[in-house]
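Below is one structure, written out as structure tokens; the observations come after it.
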Amino acid sequence: MAMFKQFLSKLPRKSSSKPDSTSDPSGSSVVRSNSVKRMSSAVFPSSVVAGIEPLVPFKDVPTSEKLNLFVSKLSLCCVTFDFSDQTKNSLEKDVKRQTLLELLDFVSSSSSSSVRFTEPAILAMCKMSAVNLFRVFPPSYRERNDSDDNDPTFEPAWPHLQIVYDLLLKFITSPCLDAKLAKKYLDHGFILRLLELFDSEDPRERECLKTILHRVYGKFMVHRPFIRKAMSNIFSSFVFEAEKRGGGGGIAELLEIFGSIVSGFALPLKEEHKIFLWRVLIPLHKAKSVGGYFHQLSYCVTQFIDKEPKLGSVVIKGLLKFWPVTNSQKEVMFLGEVEEIVEVMSLVEFQKVMVPLFLRIAACVNSCHFQVSERALFLWNNDQIVNLIAQNRQAILPIMFAALEKNAESHWNQSVLNLTLNVRKMFCEMDEALFMSCHARFQEDEAEQCSAEEKRKETWARLEKAASMKPVTGKTAVLVTPLATSIAC
């Protein structure tokens, strides 16, 4: 801050006479006076290249000095400001913003030139990015597990942060940047700090981070295993440490990155990738905030199955393990993912999980929540799933028959009732003999249940009669009839 104030104090002030300055197309002030050219050493740290004035535009220096000017301008942008008060240091903020725009334009245009970014330029870029971007978020960013307010919080410094992010992205993707040279500065520590920024509640910032991290993964092959491991640690921490990222902030973006990573995996899949699916991706389904990233999670899972179809049965077992029996909204989402997975499963893999799967589907068909029941019955609208069911009807129909009959007899929702009758008709047309056999068995089971219920009532009646005839002594427990209970009340 002091550096900016000292620097601005030496700038010529506006007066009635024509100032000795011009403006470049980007809007930044270009000072021509000799006095300003001599003050670089007094304003900037010793790390700044001597004799290079940061406010001089790139077009006014020879090509040999442009990288030195680049470093000087980056050093100028290492000064940070408080954006909670927009009126504070407004002049300094404007100078910094214009300088950042110049840097962005230079990096963008350098792609078509022969300029190669040197180590000092890479170091200066990483330092400027770290100073401006890396910060610790207040506790309110993390403690939102029980909050009903889902409105995003926007970063007040975004007008500057956005340019820094754009500059970093252009720098990383520039063909003038040698990955072998840059990996020394864009190291594991830098990547970890980038990952920490996904805790931001500003969706615009998370979107920029997603793009940058994806480009880093693509350009720096040496860092790929570390990035995957670091992301895995974040997912595991989110699932098993009380969902510190309340509301799933950042998880959706990270999963989106990982989805594109999975699509690039070579075949056959490495064991470490399969372990990641089982130990990280599947447990992510159990988080209460899964709705915030379910689409991206489902995409990652289907990418694994597309790569290796045998993993379909593994995923179904995992979904059944974490099935949300008390959360109807999550059940609807799970049923949607089950449909996507079963649709691409082979007959052999389907047979491995069909019994436990359809036991769960039968329970969903009988759900009192009409959306759960309706979504489960919609599975029969999928031709591929119906084909698998038809080939395994001997095992599936006996599981589903009781649930369908109970729905047809007593479900309160008309839409569910109509869907149930349609599914019953499909099963009957598949194999009428099997359908009638299941119907007869269902009636036998109903008769047995009625008989067992009558016996139970008779047993309780005998016990109540025997208890009423036995004298009460001391603290002996007394069996009270329902009539006596109502009178006592």
Carefully, step by step, assess Arg375 and Cys364 under the rule side chain to side chain contact (heavy atoms under 4.5 Å, CB included). CA-CA 8 Å; Arg375 187 63 186 85; Cys364 291; over 6 Å; no
How far apart are the C-alpha atoms of Asp306 and Gln303, what are their side-chain angles, what is the distance that settles it, and do they pass the side chain to side chain contact (heavy atoms under 4.5 Å, CB included) test? CA-CA 5 Å; Asp306 288 342; Gln303 285 293 306; 4.2 Å; yes
So Ile122 and Cys126, side chain to side chain contact (heavy atoms under 4.5 Å, CB included) or not? Walk me through it. CA-CA 6 Å; Ile122 299 171; Cys126 291; 4.3 Å; yes
If you apply the rule ring-ring contact (aromatic ring centres under 6.0 Å, His included), what do you find for Phe334 with Phe322, and how did you get there? CA-CA 10 Å; Phe334 272 50; Phe322 296 113; 8.7 Å; no
Take Phe220 and Ile191 through the side chain to side chain contact (heavy atoms under 4.5 Å, CB included) test and state the conclusion after the steps. CA-CA 11 Å; Phe220 297 89; Ile191 292 170; over 6 Å; no
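For the pair Tyr299 and Leu255, the minimum side-chain heavy-atom distance is 4.5 Å or more. Between Lys317 and Leu320, every side-chain heavy-atom pair lies at or beyond the 4.5 Å cut-off. Taking the side chain as every heavy atom from C-beta outward, His369 and Glu331 never approach each other to under 4.5 Å. Side-chain contact between Val342 and Leu357 is present, with heavy atoms from C-beta onward closer than 4.5 Å. Residues Val216 and Phe190 are not in side-chain contact: their nearest non-hydrogen atoms beyond the backbone lie 4.5 Å or more apart. By the 4.5 Å heavy-atom criterion applied to side chains, Val353 and Met345 are counted as neighbours. Using a 4.5 Å cut-off on side-chain heavy atoms (C-beta onward), Pro309 and Val344 make no contact. In this structure, the side chains of Leu319 and Val315 come closer than 4.5 Å at one or more pairs of heavy atoms.
Every residue two or more places apart in sequence or in another chain that forms a salt bridge (Lys or Arg N to Asp or Glu O under 4.0 Å) with Arg204 is listed here: Asp202. The side chain to side chain contact (heavy atoms under 4.5 Å, CB included) check on Glu119 picks up Leu181, Lys184, Tyr185, with sequence neighbours excluded. Residues forming a side chain to side chain donor-acceptor pair (under 3.5 Å) with Asn132 (at least two apart in sequence, or on another chain): Lys96. Scanning for side chain to side chain donor-acceptor pair (under 3.5 Å) contacts around Ser367 gives an empty result, with sequence neighbours left out. For Ala390, the side chain to side chain contact (heavy atoms under 4.5 Å, CB included) partners at least two apart in sequence or on another chain are Met430. Listed by chain and number, the residues in a side chain to side chain contact (heavy atoms under 4.5 Å, CB included) with Pro203 are Pro152, Phe154, Arg206 (sequence neighbours excluded). Ser90 meets the side chain to side chain donor-acceptor pair (under 3.5 Å) test with no other residue; sequence neighbours excluded. Every residue meeting the side chain to side chain donor-acceptor pair (under 3.5 Å) condition with Glu207, not counting sequence neighbours, appears here in chain and number order: Lys210. In this structure Val355 satisfies the side chain to side chain contact (heavy atoms under 4.5 Å, CB included) test together with Leu359, Ile399, sequence neighbours excluded.
Of the possible donor and acceptor atoms, one in the side chain of Thr173 sits under 3.5 Å from a partner among the backbone N and O of Leu169. A donor-acceptor pair is defined here as one N or O able to donate and one able to accept, closer than 3.5 Å; such a pair exists between the side chain of Ser129 and the backbone of Met125. Of the possible donor and acceptor atoms, one in the side chain of His285 sits under 3.5 Å from a partner among the backbone N and O of Ile282. In this structure a side-chain-to-backbone donor-acceptor pair under 3.5 Å is missing from Lys88 to Asp82. The main-chain N or O of Leu133 is found under 3.5 Å from a side-chain atom of Arg135 such that the two form a donor-acceptor pair. Judged by distance alone, the side chain of Ser373 and the main-chain N or O of Phe370 form no donor-acceptor pair under 3.5 Å. Although no hydrogens or angles enter the test, the distance criterion places no donor-acceptor pair under 3.5 Å between the side chain of Arg228 and the main chain of His223. Of the possible donor and acceptor atoms, one in the side chain of Ser260 sits under 3.5 Å from a partner among the backbone N and O of Ile257.
When only modelled atom types and interatomic distance are considered, Ser200 and Glu155 share no side-chain donor-acceptor pair under 3.5 Å.
For Lys73 and Phe106, the positive end is not near the middle of the six-membered ring at less than 6.0 Å and at most 45° from its axis.
Rounding to the nearest 0.5 Å gives a distance of 9.0 Å between CH2 of Trp380 and CD1 of Ile385. A distance of 11.5 Å separates CE of Met221 from NZ of Lys180, quoted to the nearest 0.5 Å. Within the model, atoms OG of Ser232 and CG of Leu254 stand 11.5 Å from one another, a figure rounded to the nearest 0.5 Å. How far CG of Leu192 is from CD1 of Ile227: 9.5 Å, rounded to the nearest 0.5 Å. One distance of note links NZ of Lys127 with SG of Cys78; it measures 5.0 Å at 0.5 Å rounding. Remark: Leu335 CG to Glu340 CD distance equals 12.0 Å, nearest 0.5 Å.
Contact detail for Ala179 and Lys219: the closest heavy-atom pair is CB-O, 3.9 Å. Nearest approach of Leu284 to Tyr293, heavy atoms of both residues: O-OH, 2.7 Å. Among all heavy-atom pairs drawn from Arg116 and Pro175, the shortest one is NH1-O, 2.8 Å. Summarising the geometry of Ala287 relative to Phe238, their closest heavy-atom pair is CB-CE2, 3.8 Å, with the distance given to 0.1 Å. In terms of heavy-atom proximity, Cys77 sits nearest to Leu103 at SG-CD1, 4.0 Å. For Cys176 against Ser110, the heavy-atom pair with the smallest separation is SG-O, 3.0 Å.
Environment of CD in Gln329: sparse, with no more than 12 heavy atoms of neighbouring residues, nucleotides or ligands closer than 6.0 Å. Annotation: Lys170, atom NZ; neighbour count of heavy atoms from other residues, nucleotides and ligands within 6.0 Å does not exceed 12.
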Side-chain donor-acceptor pairs under 3.5 Å in residues 158-166, sequence neighbours left out?
| from | atom 1 | to | atom 2 | distance (Å) |
| --- | --- | --- | --- | --- |
| His160 | NE2 | Lys93 | O | 3.1 |
| Tyr165 | OH | Glu205 | OE2 | 2.5 |

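Annotation: side chain to side chain donor-acceptor pair (under 3.5 Å) contacts involving residues 261-282, sequence neighbours excluded, comprise Lys274-Glu308. For residues 341-362, the side chain to side chain donor-acceptor pair (under 3.5 Å) pairs, not counting sequence neighbours, are Ser313-Glu349, Glu343-Asn382, Glu349-Lys352, Gln351-Asn392.
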